[in-house]
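One structure is given below, encoded as C-alpha cells.
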Amino acid sequence: MQFTINTADPYSNARAGEIQTDHGSILTPIFMPVGTVGSVKALHLRDLKDDVKAQIILGNTYHLYLRPGLDVLFQAGGLHKFNGWDRPILTDSGGFQVYSLSGTRKMKEEGVTFSSHIDGSKHLFTPEKVMDIQRIIGGDFIMAFDECAPYPCEYEYAHKSMLMTHRWLDRCIERFSTTEPLYGYHQSLFPIVQGSVYKDLRRQSAEKIASLACEGNAIGGVSVGEPTDLMYEMTEIVCGILPKDKPRYLMGVGTPANILEGIAMGIDMFDCVMPTRNGRNGMLFTKEGIMNMKNEKWKTDFSPIELNGASFVDVQYSKAYLRHLFQSKEILAPMIASLHNLAFYLWLVTEARQHIVAGDFVSWKNKMLKQLMTRL
RNA sequence: GUGAUUGUAGCUCAGUUGGUUAGAGCGCCGGAUUGUGGUUCCGGAGGUCGUGGGUUCGACCCCCACCAUUCACC
C-alpha cells in the first residue's frame, strides 16, 4: 500500500490524496459504503461501480465469520472472489459488533466471548483469531481488534479499556506480522485510537498508535451517542498527533456535515451506515438538505427526486412515486434511496477533494454546511 | 318470510358481576437512527360504542323497537 498526498489545503488540515492498493487506487478523502455481510444492502455491484462510483467497500468480520463462515470464504478464495468486487475492501474487526449487538458478552484479557445473534452459539474472539479471520476474508485493509467504549463512560472504565485495546493491538501486530496474506495480494493493518471523550486518554492513545509502523491509522469509539462537539474535539486532538503521511480513518462517521468537518480536520477515510440505513427508512440526503420521503407532502410532487443529482435515479423517478413505493413497502424504494444516498455521499467527498485541489475548500465547505442539514 | 348471529377507531378485535377522561394490534401522520440483526425505537391524530326509546344515581354492558351484517331453513 502507498499513500500520496497530492494537495494539502493551506487553510485547513484537509488533504487530497491517493491510496494505492493491489486492487487499484483510491482518491481521498473517500467515503466507503458499508457492506456488512459482503453486500451493500439493496445494491448491485454494477450500481456501486457505475452509479455510486464507490472506490472501496466495507465488510464485517463478525458477520462474515458467523455467516457464511470461514470455510466458505476460504474455499471461495476470499471475499473479493466470493462477492465479485474487484476493487479494495476494508474489513472491520468486529469489536464494534461485540459491543453493539451482543447482549451476553464477557470481556477478558484473552479476548471476548459472545453469543451469536443468529443461533446463540458461543464464540471467542481474541486479537490473534481476529487477525486470522481477516486474513481469510482477505480485505485490503484490516482493522485491529479493539474494545469500543460505550457512551457515556466513566473515566476509569475508559482508561482500562484503552489500555487493554493497546495490549490487544500489540498482539494483533505480532500475529499480523508473523502471518502472510492467503491470496497473493497485500493487506494493511490499521490500529485504532480509543479513549472515549477524555482528552488525555485520546492523546495517550494517539501517541501509542502514532509510534507504530502501521500503514494507516483509525479513530474509533466516536459516533456512539456523544455530542457532536465532543466528537469533533476528540478528532481534532487525535489528528494533531497521528502522522500526517499516513491515511486517517474516522470510523462510523457520519452525517454529510460530520464528513466535511472531518475532512477539514485531516481525515481521509469515512464509513457509515447512515446513507443506506436511513435511506431504507425513507430519508434522503441531497445538496439542498434532507427529505423524509414518507412525508405526506410529497404525495403529489411529481418533480424529480433531485435535479442535478448524482445518480440516474434522481431524474428517473419522481418524489411522489418514491413516496408511493415507500408507502407500499416496495423493494424498489430502499433500492432507489440507497443508490441515491450513496451516490450523494460519494459526490460530496469527490467534490470536497476537487475544492481542496482548487484551494477553496473551506469556503465551499461553509456554504455546503448551511444547506446540508436543512429539512426540506 | 322464519330462526339464529353480529354491530365499539380507517381495518381486525378487546372491554371484568353496570361505575371516572372506552383500549390494543395493524394502518395513517410526524420524529429518531453515525465501525448495519433488511431494523428498531419514540411521539401524535382518530370513536355521538348501528339508530331511536326505556330501566337506573349511573349504560359499550340490561330491556324494547327499528336498521344493517352473516349463516341456516322454507
Side-chain angles (χ1 to χ4, degrees), chain A residues 31-43 56-64 66-67 89-103 114-120 130 134 139 141-151 165 190-194 217-228 230-232 235 248-259 261-262 267 269-283 285 290-299 323 326-331 333-335 337-338 341-342 345 373 375:
Chain A
F31 178 80
M32 309 180 283
V34 178
T36 309
V37 297
S39 133
V40 176
K41 295 180 194 302
L43 295 186
I56 170 174
I57 61 173
L58 259 63
N60 186 273
T61 297
Y62 169 90
H63 291 282
L64 290 167
L66 290 178
R67 193 163 52 193
I89 290 177
L90 180 150
T91 50
D92 188 19
S93 66
F96 184 79
Q97 280 62 44
V98 169
Y99 142 77
S100 71
L101 49 83
S102 201
F114 60 91
S115 44
S116 160
H117 69 276
I118 299 170
D119 61 7
V130 167
Q134 292 187 98
F141 302 92
I142 72 175
M143 302 305 298
F145 190 52
D146 63 339
E147 190 202 0
C148 181
Y151 180 84
T165 288
F190 280 28
I192 303 172
V193 173
Q194 286 291 342
N217 299 302
I219 304 172
V222 290
S223 64
V224 288
E226 79 281 12
T228 304
L230 275 179
M231 180 175 87
Y232 290 158
T235 304
R248 300 170 179 142
Y249 166 27
L250 186 61
M251 305 182 76
V253 173
T255 65
N258 292 161
I259 288 173
E261 297 292 9
I267 298 294
M269 304 161 74
F270 302 86
D271 81 283
C272 190
V273 302
M274 194 171 272
T276 40
R277 177 189 284 165
N278 287 23
R280 285 197 303 279
N281 224 329
M283 183 174 174
F285 296 92
I290 57 180
M291 293 192 285
N292 182 347
M293 294 316 299
K294 293 181 179 173
N295 286 0
E296 194 166 31
K297 61 183 161 192
W298 310 121
K299 193 170 187 175
R323 170 183 145 88
F326 272 112
Q327 289 295 101
S328 312
K329 300 196 188 324
E330 279 295 314
I331 294 171
M335 290 171 67
S338 299
N341 280 348
L342 284 178
Y345 266 62
M373 298 315 273
R375 185 170 291 280

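Residue numbers start from 1 in every chain, and the chains themselves are labelled A, B, ... in the order their sequence lines are given, proteins ahead of strands. A quick note: this is a predicted structure, and the numbers were derived from the prediction, not measured.
- Counting any heavy atom pair closer than 4.0 Å across all strands shown, A:N258 reaches a base atom.
- Proximity of a side-chain donor or acceptor of A:D146 to a complementary backbone N or O of A:C148 within less than 3.5 Å is not detected.
- In this structure, the CG atom of A:L342 is 16 Å from the P atom of B:U34, given to the nearest Å.
- Not one side-chain nitrogen or oxygen of A:R277 sits closer than 4.0 Å to the OP1 or OP2 atom of B:G38.
- With hydrogens and angles ignored, a donor-acceptor pair closer than 3.5 Å exists between the side chain of A:D146 and the base of B:G35.
- The shortest distance between the side-chain N/O atoms of A:N295 and the OP1/OP2 oxygens of B:G30 is below 4.0 Å.
- The separation of B:U8 from B:U69, taken at their P atoms, amounts to 14 Å, rounded to a whole angstrom.
- Between B:G46 and B:U21, the two C1' atoms lie 16 Å apart (nearest whole Å).
- Contact of the A:R323 side chain with the A:E296 side chain is registered, since non-hydrogen atoms from C-beta on lie closer than 4.5 Å.
- A close approach under 4.0 Å does occur between a side-chain nitrogen or oxygen of A:N292 and OP1 or OP2 of B:G31.
- Both A:G95 and A:I290 lie close to RNA chain B; mapped to their nearest nucleotides by heavy-atom distance, the more 5′-ward contact belongs to A:I290.
- Residue contacts shown for A:I192 include a base, since a base heavy atom lies under 4.0 Å away.
- Within 4.0 Å of A:A218, counting heavy atoms only, lies no atom of the nucleic acid at all.
- Remark: the separation of the P atoms in B:G53 and B:A59 is 14 Å, to the nearest Å.
- Listed candidates were B:G35, B:U40, B:U34. Nearest to the side chain of A:Q194 is B:G35.
- Using modelled atom types, no side-chain atom of A:S338 and backbone atom of A:G279 make a donor-acceptor pair closer than 3.5 Å.
- The shortest side-chain heavy-atom distance between A:T235 and A:E261 does not fall under the 4.5 Å cut-off.
- When the P atom is compared between B:C71 and B:A24, the two are found 32 Å apart, to the nearest whole Å.
- Rounded to the nearest Å, the gap between the C1' atom of B:U48 and that of B:A9 is 14 Å.
- With both ends at atom C1', the span from B:U33 to B:C41 equals 9 Å, rounded to whole Å.
- For the P atom pair drawn from B:G7 and B:U70, the interatomic distance equals 15 Å after rounding to whole Å.
- Distance, A:H63 NE2 to B:G35 P: 11 Å, rounded to whole Å.
- Whole-Å rounding puts the A:F285 CZ to B:A32 P distance at 10 Å.
- Taking atom CG on A:D92 and atom C1' on B:G35, their separation rounds to 4 Å, with Å as the unit.
- In this structure, the NZ atom of A:K294 is 11 Å from the P atom of B:U39, given to the nearest Å.
- Atom CE of A:M231 is separated from atom C1' of B:U34 by 8 Å (rounded to the nearest Å).
- Within the nucleic acid shown, A:G221 comes within 4.0 Å of at least one base atom, counting heavy atoms only.
- Side-chain contact check for A:Y62 and A:D92: no donor-acceptor pair (N or O, by modelled atom type) lies under 3.5 Å.
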Pairwise N/O distances under 3.5 Å, protein to nucleotides 26-28 of chain B:
none

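- Nucleotides B:C64 and B:U55 place their P atoms 15 Å apart, quoted to the nearest Å.
- In this structure, the side chain of A:D271 engages the main chain of A:G252 through a donor-acceptor pair within 3.5 Å.
- Side chain A:D271 to base B:U34: no donor-acceptor pair is found below 3.5 Å.
- Among the protein residues, A:R375 comes within range of the sugar-phosphate backbone only, with heavy atoms under 4.0 Å from sugar or phosphate atoms but none that close to a base.
- Using a distance-only test at 3.5 Å, with no hydrogens or angles considered, a donor-acceptor pair links the side chain of A:S93 to the main chain of A:A144.
- Contact check for A:L342 versus A:F31: side-chain heavy atoms found under the 4.5 Å cut-off.
- Spacing between atom CE of A:M283 and atom C1' of B:C41 amounts to 16 Å, rounded to whole angstrom units.
- Between A:L90 and A:M143 there is a side-chain heavy-atom pair separated by less than 4.5 Å.
- Between A:V273 and A:I331, the residue whose closest nucleotide on RNA chain B is further toward the 5' end is A:V273.
- Residue A:M274 contributes atom CE, which lies 19 Å from atom P of B:U39 at whole-angstrom precision.
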